[in-house]
Amino acid sequence: MALVQQVLDGHKESYNHLVTRHMQALFNHLNILVRNAALAEDLTQETFIKAYDKLYRFDPQKAQFKTWLFTIATRKALDTFKKKPTVDIDEIVVVSELKSPLQHAKDREVREAVSALEPKQRAVVSLYYWHGYSYEQMSSILRAPKGSIKGWMHRAKQALQEKLS
Amino acid sequence: MNERELAKRLKTVTASPMPTELQQRIQGNVSDYIARRPVPRRHPWRTTLLIIGLVFALASSIGAVIAPYLALVAGLSIMMLGLPLLFWNTSLFPRLNVKAMQRVLVVMVLLGLTLSSSATVFAAAHMAEIYARLMQTIAKDESSTRHTELGFRLEHCPALGSSSRRTEQRYALSNRATLSPAEAEKVVQAQCIEQAAQKTAAEKWKGFRANDTSLQEGQTVQLYSFRSAAQITGLSPIMIKWNESTSQTFDTQPALIDINGQPADWSTLSLDSLVVPVLASPATIHISDSGNGRRSAIPRSVPGAQQTLVGLIRLPSEVDFKYYDPALRSQLVAIHQCEQNVQDDCIAVLSPTVILRQSVPEANARIQGRIVERGEIMLKIQSKPSHRQFTVELPAKAIKTHQAQLQAGTFVEVNYRASKQSSTAISSGDIAWVYVLQDVLKKHDKPQSF
């Protein structure tokens, strides 16, 4: 919040700290959602730019800055599916080479299974398991009722259980 | 795989670090953008624009219901506001959500266009309605004014035909001579009287124009020029009634009249008649628009202006004829004289106040008229020999309807019989008046007698 306030007070360079802090999580989330590294990169940039332009709208009383960023990013990502509903699954970028080959293979299998889900199911899985958001927060980010979130999650789990078992 | 195992497996997938190159690229791009952009602030104009739009939309909605004009203004305003924004140079604001903005503006323009067009139709209809009502009100006022000012209405005028015919003529006069409706009414009224008199004169009288010859008893004089004179022969008194067809000052400034070089007794003038108390024979009546600084009663500039002296009635000799009650005088208005032919249709002289004013032609006579206003009926007889004016209430049996209160439109036939033995004998030449005394009696507890 302090960084946000500094930016609003005229210290624009403080925004770079915010970008550095949240860029990776945001990129990974978008990468899972859109299944395209280049598009995820663009969306990450656009998310930070939009967040900067609308920074005066950010209300720390309602959500954390990260949650606010994820809200913008998720909506942007889901909007892309309205125009480009299909993306080749092979375009998913593998960004980790530091893990053991076995772990890497397991991670890749999980990511591919998640990537095969419907966009909203991917979104809830990513937000819940990899970014730690609650159902209520997901409801706010995805602008959907809590029941819908649970439904998407339930169907996502069913699909993943079938694929990963 | 159960749910727990799935959750465990999903959570083991850790976030992978982004390639440094990718991080630098994103950060660099964002930094460049930020460097070009000002510090993010809320733009007051956007809020203002939103408020203005909402106000206009609200005003348009309300205006469309309560006043099409408001909607018209609001619609045009919206269009004026929306059109420039629609063609906004978006390159100045590269990050503005132009498409969303344009959608809103398109809606605004369409809304404005719809409101303006529909409001124009409503406004036109509204204006037409207002105009129609205005015309109706004016016509009503004119009609009311005519009846009020002139105080009479001819129920029928055989010489001129139907009332619609007279209406047409009245309006034709009004248009041609730029007369007011009231003045045109007077002209028509005069024509009606004149033609009615001529019709009667063709049977019994010898109508003539002024300066033609001496007047005889019962003759009608029509003075077509303003400087006219008629010489009276025979014994006095006479009663002169005239109608100034186009006078604009008729009500307040009657024509200057002198008799044998002496000014007429203005106290005996009423709106439309002059009763000359005593006239030596021969007498010459001059009606002039000059002398004593009096204004002309008839503007010469008015086309067709003419002075019509109608109904120069020879009264019985030696009648010291006092004019009737001054209070009534102001209420007496134009009289339609048909004189001796009491059975003629044109006898119907109708007024809100005066039903009939009729010279009694003979000992046994009958006068008829149709009441145009509700009121009590009274017969008023002015007679000799007592040099007094009698006011005699009609006996109920004299009125066929036997009603004290008569409704407008009731036909009244008054029969009276002269009796020389009575002090109130009615003689030939006496004038009988039938009034509706509704208003008169309020001013006088009982009719005046002399």
Side-chain angles (χ1 to χ4, degrees), chain A residues 7-13 15-16 18-20 23-29 31 37 40-42 44-58 93-99 103-104 106-111 113-114 125-126 128-131 157-158 160-165, chain B residues 1-51 54 85 88-104:
Chain A
V7 175
L8 292 173
D9 290 342
H11 302 287
K12 294 195 286 186
E13 64 278 5
Y15 195 71
N16 290 328
L18 290 169
V19 174
T20 305
M23 180 169 50
Q24 181 161 344
L26 197 62
F27 175 80
N28 288 336
H29 174 62
N31 194 27
E41 181 185 344
D42 289 344
T44 303
Q45 287 186 43
E46 289 179 14
T47 300
F48 280 116
I49 287 171
K50 183 172 182 180
Y52 178 80
D53 287 337
K54 305 292 183 183
L55 199 59
Y56 59 88
R57 287 187 180 178
F58 170 64
V93 66
V94 178
V95 295
S96 177
E97 300 295 340
L98 300 176
K99 294 179 181 178
Q103 183 62 38
H104 176 72
K106 287 182 177 178
D107 285 358
R108 183 181 176 86
E109 184 186 7
V110 171
R111 284 198 178 93
V114 172
V125 168
S126 172
Y128 185 80
Y129 287 106
W130 296 331
H131 299 286
K157 285 177 182 176
Q158 283 183 331
L160 290 173
Q161 281 170 343
E162 289 179 6
K163 289 184 179 179
L164 296 175
S165 58
Chain B
M1 181 182 288
N2 58 29
E3 189 171 338
R4 182 174 295 176
E5 289 172 343
L6 175 64
K8 185 179 178 182
R9 188 164 180 188
L10 283 169
K11 287 179 180 176
T12 57
V13 178
T14 56
S16 304
M18 291 175 67
T20 308
E21 185 185 350
L22 183 59
Q23 287 187 37
Q24 288 175 345
R25 194 163 58 234
I26 293 174
Q27 196 147 26
N29 290 339
V30 174
S31 296
D32 289 346
Y33 177 80
I34 292 171
R36 294 196 309 269
R37 298 285 295 170
V39 175
R41 297 195 191 286
R42 189 180 300 275
H43 295 285
W45 63 268
R46 291 187 181 177
T47 307
T48 306
L49 188 65
L50 181 66
I51 293 172
L54 288 173
L85 294 174
W88 195 348
N89 185 359
T90 53
S91 62
L92 294 175
F93 303 92
R95 289 297 167 183
L96 192 67
N97 192 343
V98 175
K99 290 185 177 178
M101 193 82 178
Q102 284 184 339
R103 279 193 213 110
V104 173

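Each chain gets a letter, A, B and so on, in the order the sequences are listed, and its residues count up from 1.
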B/R9 side-chain N/O to A/L164 backbone N/O, donor-acceptor pair under 3.5 Å: yes
Tell me every residue that passes side-chain contact (heavy atoms from CB on, under 4.5 Å) with A/K50, counting only those two or more places apart in sequence or in another chain. A/K54, A/I72, A/K76
B/I34 side, atom CD1; A/E13 side, atom CD - distance, nearest 0.5 Å: 10.0 Å
Tell me every residue that passes side-chain contact (heavy atoms from CB on, under 4.5 Å) with B/I51, counting only those two or more places apart in sequence or in another chain. B/T47, B/V55
With a 4.5 angstrom heavy-atom cut-off, which part of B/L6 approaches chain A: side chain, backbone, both or neither? side chain
Main chain of B/R37, side chain of A/K12: is a donor-acceptor contact present, judged purely on distance under 3.5 Å? yes
Quick check for you: to the nearest 0.5 Å, what is the distance between B/D32 atom CG and A/Q45 atom CD? 9.5 Å
What one should report as the nearest heavy-atom pair of A/L8 and B/P40 is CD2-O, 3.6 Å
So CZ of A/R111 and CG of B/L10: to nearest 0.5 Å the spacing works out to 11.0 Å
How many angstroms lie between atom OG1 of A/T44 and atom CZ of B/R25, to the nearest 0.5 angstrom? 11.0 Å
With chain B as the partner, which of A/Y128, A/Y15, A/F48 has the greatest number of non-hydrogen pairs under 4.5 Å? A/Y15
Backbone of A/N16 reached by a side-chain donor or acceptor of B/Q27 within 3.5 Å: yes
CD1-CD distance between B/I26 and A/E46, expressed to the nearest 0.5 angstrom: 11.5 Å
For B/V39 and A/Y52, the nearest pair of non-hydrogen atoms, with its separation, is CA-OH, 3.7 Å
Can you tell which part of B/A7 gets under 4.5 Å to a heavy atom of chain A, answering side chain, backbone, both or neither? both
